[in-house]
Amino acid sequence: MSDSLLDEIAAVVGAAGLLTGSALAGRSAGIWSGEALRAKALVRPCSTAEVAAVMRLCHAAGQSVIPVGGMTGLAGAHESGPDDVVLSTERMQRIESIDVDGRSMTVEAGAILQQVQDAAADAGLYFALDLGARASCTIGGNIATNAGGVRVLRYGMMREQLLGVEVVLADGSVLSSMFNLLKNNTGYDLRQFFVGSEGTLGVVTRAVLRLHEAPPPVQTALLAVPEWSRVMSLLRYFDTGGLAACEVMWRNDYELNTGDFSDIEPPLTTAAPYYLLIDVFAADRDEFEDRLAACFERGDVVDGVLALSEAERQALWRIREDFEPEQRCFERVFGYDISLPIQRMEEVVETLGRELRKRDAGAEVFAYGHIGDGNLHYSIYPGSLSRDEVDALVYRPLAAVSGSVSAEHGIGIEKKAWLHCTRNTAEIELMRRVKRMFDPDNLLNPGKLFDL
Ligand SMILES: Cc1cc2nc3c(=O)[nH]c(=O)nc-3n(C[C@H](O)[C@H](O)[C@H](O)COP(=O)(O)OP(=O)(O)OC[C@H]3O[C@@H](n4cnc5c(N)ncnc54)[C@H](O)[C@@H]3O)c2cc1C
C-alpha cells in the first residue's frame, strides 16, 4: 500500500482513526487467536460518511479491506493478512434512538450486543438475540454472520431481528435501507444480501433492529434424560408453553464441564446419557414446577434441578457455555458447528464417535448444542488425527441427512472446502455472481466463503 493512500485515509479518519506499524503491535487478531493482528493498517472510522470515504480511496487504489467488529467470529471470516486494511467499527458504537411504540432501535454497526440488550431493557423492551460472546460481539458482526445463539427457538436468528440496514459498498457508495417496517413487500429484500455475507458484499454501518415486548421472567432447569426419544418429546412438551432455550449436553460433555478440570460442582449426580438445559418464560414458578413434576411422572426425566435465583441460573448456564475445562484437559480440541434434523442427531453423534475411535482409540467427541434449532456443536479431541481427517468425518455424513456444515458460525475460511457438502453447484455459482456484481474487483474480505 502506498504511503499516499495512508495519508489520504488519515485525512479522512484523523490520526486516532488510523493505526499502523508499532501502533498495531498491541492489537490481537481475535478473541480465540492469541496472535497479533496482521494488517497493513487498522482504520477506525467514526461514521458512515467516513467509511464511505475510506472505501472510495481503497477502491481507487485496488486495496483489499477486511471489515471487523468484535472479532469473536469462529470461522476465521475476520482474519486478515499483512497486506490488508482492516476496517473496524469500534468507534461506531452509538445507540442512536429507541422507538418504544414502534418497538425498534437504531444503532451504529459497532454497538456491542450486550449494550443493545441493556438499552432495550432500560426502555422496557427486549432485544432477542443472545449469545455467549454478547459482551464483545457487535451488531454489524451479528448481521454479517447471521448470528444465532440461545433464543433462536423463540425469536429466530439475527435475520429476523433486522428491520433496516445501511451499508457502504465496495466502491464507497452508500446503500441506505433504514426501514422501520415489519411488512415491506416492495421487490427484492436488499438488506438480506448482507445478512450472513461475512463482510464480502458491503460494510454494515447502521441498522434498525426489531424489539419485542419484555418477556416474563425466565425459569431455568437442568434435567437428566434417559433416552433420545425423551429429549425430543421434552422439547415438544415445553415448546407448547414459553420455551425460550433448549440446550442439550451429551453425558461426557456434562461430566467434563462439571468434573476435575472445572470449578463447577455437578448440580446433578445421576448419570444419564443426555442433560437438557431449558429456559422457559414463565411468571409463575409453581406452575413451571408442576410441569417439571409431570415430566418425572412420565419417566422423561430421571433427575433435575430448578434454578431458584439469577446466580443459580447463571451457574447452570456456565455448565453449557464454559469452554475452559476442555482446554485444560486436552492439548488440542477442534470446534464444530453444524445443523441437522433432530431425529438423526443421536445416530450421527454415535457414528462419529465410533469412526473417530476406529482411527484413534483415544479420540473423543463432546456434543452439545441448541437442540431446539437442530444445531449441534462438537468439541473433538482428535488424538493423533489431523484437522482434515476429523473435518471429513464430521462434514461428509451431513449431506446424507440433509444437514448443514454451518448452523450459525458461517463459512469464513475454515469451512470453505466443505461448502459443497451443503450448497449445490448452482447455488455456489449464483453466490459467486452476486459477489462479482457487488464487488467486481474482489476487494472486500477476499478469499472468504469461496474463491472467485
Ligand atoms: C464464547 C463465544 C460464544 C459464541 N456463541 C455464538 C452463538 O451462540 N451463536 C453464534 O451465531 N455465534 C456465536 N459466536 C460467534 C460470534 O460471536 C458471532 O459470529 C458474532 O456474530 C460475530 O460478531 P463480531 O462483531 O465479533 O464479528 P467479527 O468476528 O469481527 O466478524 C465476523 C464476520 O463479520 C464481518 N463483519 C464484522 N463487522 C462487519 C460490518 N460492520 N460490516 C460487514 N461485515 C462485518 C467480518 O468481516 C467477518 O466476516 C460465539 C463466539 C464466542 C467467542
Side-chain angles (χ1 to χ4, degrees), residues 28-33 37 42 44-45 48 51 55 64-80 84-93 107-116 129-153 156-159 161 165-170 175 193-207 245 247 317-318 320-324 327 335 337 339 368-370 373 375-377 379 406-414 438-439 444-449:
S28 131
I31 202 160
W32 284 142
S33 102
L37 179 72
L42 176 68
R44 308 186 307 152
T48 301
V51 174
M55 289 306 299
S64 57
V65 176
I66 318 296
V68 300
M71 302 174 90
T72 65
L74 297 173
H78 62 272
E79 282 183 25
S80 53
D84 295 319
V85 161
V86 173
L87 190 154
S88 166
T89 54
E90 65 197 50
R91 295 208 298 171
M92 297 175 64
Q93 299 194 356
V107 301
E108 289 185 321
I112 302 292
L113 173 58
Q114 191 155 31
Q115 290 167 359
V116 169
L129 187 79
D130 192 24
L131 44 112
R134 63 183 75 77
S136 311
C137 65
T138 64
I139 291 299
N142 299 152
I143 294 169
T145 57
N146 187 24
V150 297
R151 293 283 181 256
V152 172
L153 177 64
M157 298 184 70
M158 185 63 201
R159 189 183 298 289
Q161 319 310 325
V165 77
E166 187 169 88
V167 179
V168 175
L169 303 181
L175 178 79
F193 273 113
F194 304 97
V195 180
S197 67
E198 301 190 35
T200 62
L201 300 182
V203 183
V204 178
T205 53
R206 295 168 69 228
E247 306 280 309
W317 268 94
R318 259 192 74 208
R320 161 65 183 83
E321 289 187 332
D322 193 4
F323 295 103
E324 283 182 19
Q327 277 154 12
D337 157 53
S339 65
Y368 49 93
H370 318 293
D373 321 323
N375 182 183
L376 270 192
H377 297 306
S379 294
S406 180
E408 57 179 10
H409 294 167
I411 294 297
I413 46 176
E414 283 198 4
F438 276 91
D439 180 16
L444 260 177
N445 217 1
K448 308 294 166 52
L449 271 175

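Order of appearance sets the numbers: ligands from 1, and atoms from 1 within every ligand. The first residue of the sequence shown is numbered 1, and numbering continues consecutively from there.
- Contact annotation: the side chain of Met55 approaches that of Leu87 to within less than 4.5 Å [non-hydrogen atoms, C-beta and beyond].
- With Gly132, Ala135, Gly76, Gly141 as candidates, the residue nearest to atom 38 (N) of ligand 1 on a non-hydrogen basis is Gly141.
- Residue-ligand proximity, Thr138 to ligand 1, at heavy-atom distances under 4.0 Å covers atoms 24 (P), 25 (O).
- At least one side-chain heavy atom of His377 sits under 4.5 Å from a side-chain heavy atom of Arg320.
- Judged by distance alone, with hydrogens and angles left aside, the side-chain atoms of Asp373 form no donor-acceptor pair with the main-chain N or O of Val152 at under 3.5 Å.
- Which parts of ligand 1 touch Ala144 is read off a 4.0 Å heavy-atom cut-off, strictly below it: atoms 34 (O), 35 (C), 36 (N), 44 (N), 45 (C).
- Side chains of Asp84 and Ser64: a donor on one and an acceptor on the other come within 3.5 Å.
- Ligand 1 places these atoms under 4.0 Å from at least one heavy atom of Val204: 40 (C), 41 (N), 42 (N), 43 (C).
- Listed by number with element, the atoms of ligand 1 under 4.0 angstrom from any heavy atom of His409 are 10 (C), 12 (N), 13 (C).
- Using a 4.0 Å cut-off between heavy atoms, Glu321 makes no contact with ligand 1 at all.
- Residue Ala109 places no N or O, backbone or side chain, under 3.5 Å from any N or O of ligand 1.
- Remark: ligand 1 and Gly148 share an N or O pair separated by less than 3.5 Å (distance only, no angle test).
- Within the 4.5 Å cutoff, the side chain of Val165 has no heavy atoms near those of the Arg206 side chain.
- In this structure, the side chains of Met71 and Leu37 come closer than 4.5 Å at one or more pairs of heavy atoms.
- Residue contacts with ligand 1: Lys448 is excluded, as none of its non-hydrogen atoms falls under 4.0 Å.
- The heavy atom nearest to atom 16 (C) of ligand 1, considering only Asn142, Leu129, Thr72, is found in Thr72.
- In this structure, Met92 and Thr205 have side chains that are in contact, with non-hydrogen atoms separated by less than 4.5 Å.
- Using a 4.5 Å heavy-atom threshold, the side chains of Asp337 and Leu74 count as separate.
- Counting heavy atoms from C-beta on, the side chains of Val150 and His370 come closer than 4.5 Å.
- With no hydrogens or angles considered, no side-chain donor-acceptor pair links His409 and Glu414 at under 3.5 Å.
- Heavy atoms of Gly202 approach ligand 1 to within less than 4.0 angstrom.
- Residues Ile66 and Asn445 have side chains in contact (heavy-atom distance under 4.5 Å, counting atoms from C-beta outward).
- Taking every non-hydrogen atom of Met71 and a distance limit under 4.0 Å, the qualifying atoms of ligand 1 come out as 24 (P), 26 (O), 28 (P), 29 (O), 30 (O).
- Compare Ala133, Cys137, Ala75, Gly149 by their heavy atoms: the one nearest to atom 23 (O) of ligand 1 is in Cys137.
- Not one N or O of Leu74 is nearer than 3.5 Å to an N or O of ligand 1, by distance alone.
- Checked against ring-ring contact (aromatic ring centres under 6.0 Å, His included), Phe193 has the following partners two or more places apart in sequence or in another chain: Phe438.
- Atoms of ligand 1 lying under 4.0 Å from at least one heavy atom of Thr89, given by number and element, are 41 (N).
- Checked against a 3.5 angstrom limit, the closest N/O atoms of Glu408 and ligand 1 fall inside it.
- At least one heavy atom of Asn445 sits less than 4.0 Å from an atom of ligand 1.
- Residues Arg44 and Glu90 share a closest heavy-atom pair of NH1-OE2, 2.7 Å.
- Of all atoms in ligand 1, numbered sequentially from 1 with element shown, those under 4.0 Å from a heavy atom of Ala147 are 11 (O), 21 (O).
- When only interatomic distances are considered, the shortest N/O to N/O separation between Gly69 and ligand 1 falls below 3.5 Å.
- Atom numbering of ligand 1 starts at 1 in the shown order; those under 4.0 Å from a heavy atom of Ala77 are 47 (O), 48 (C), 49 (O).
- Of the candidates Asp373, Thr145, Asp337, Thr145 brings a heavy atom nearest to atom 21 (O) of ligand 1.
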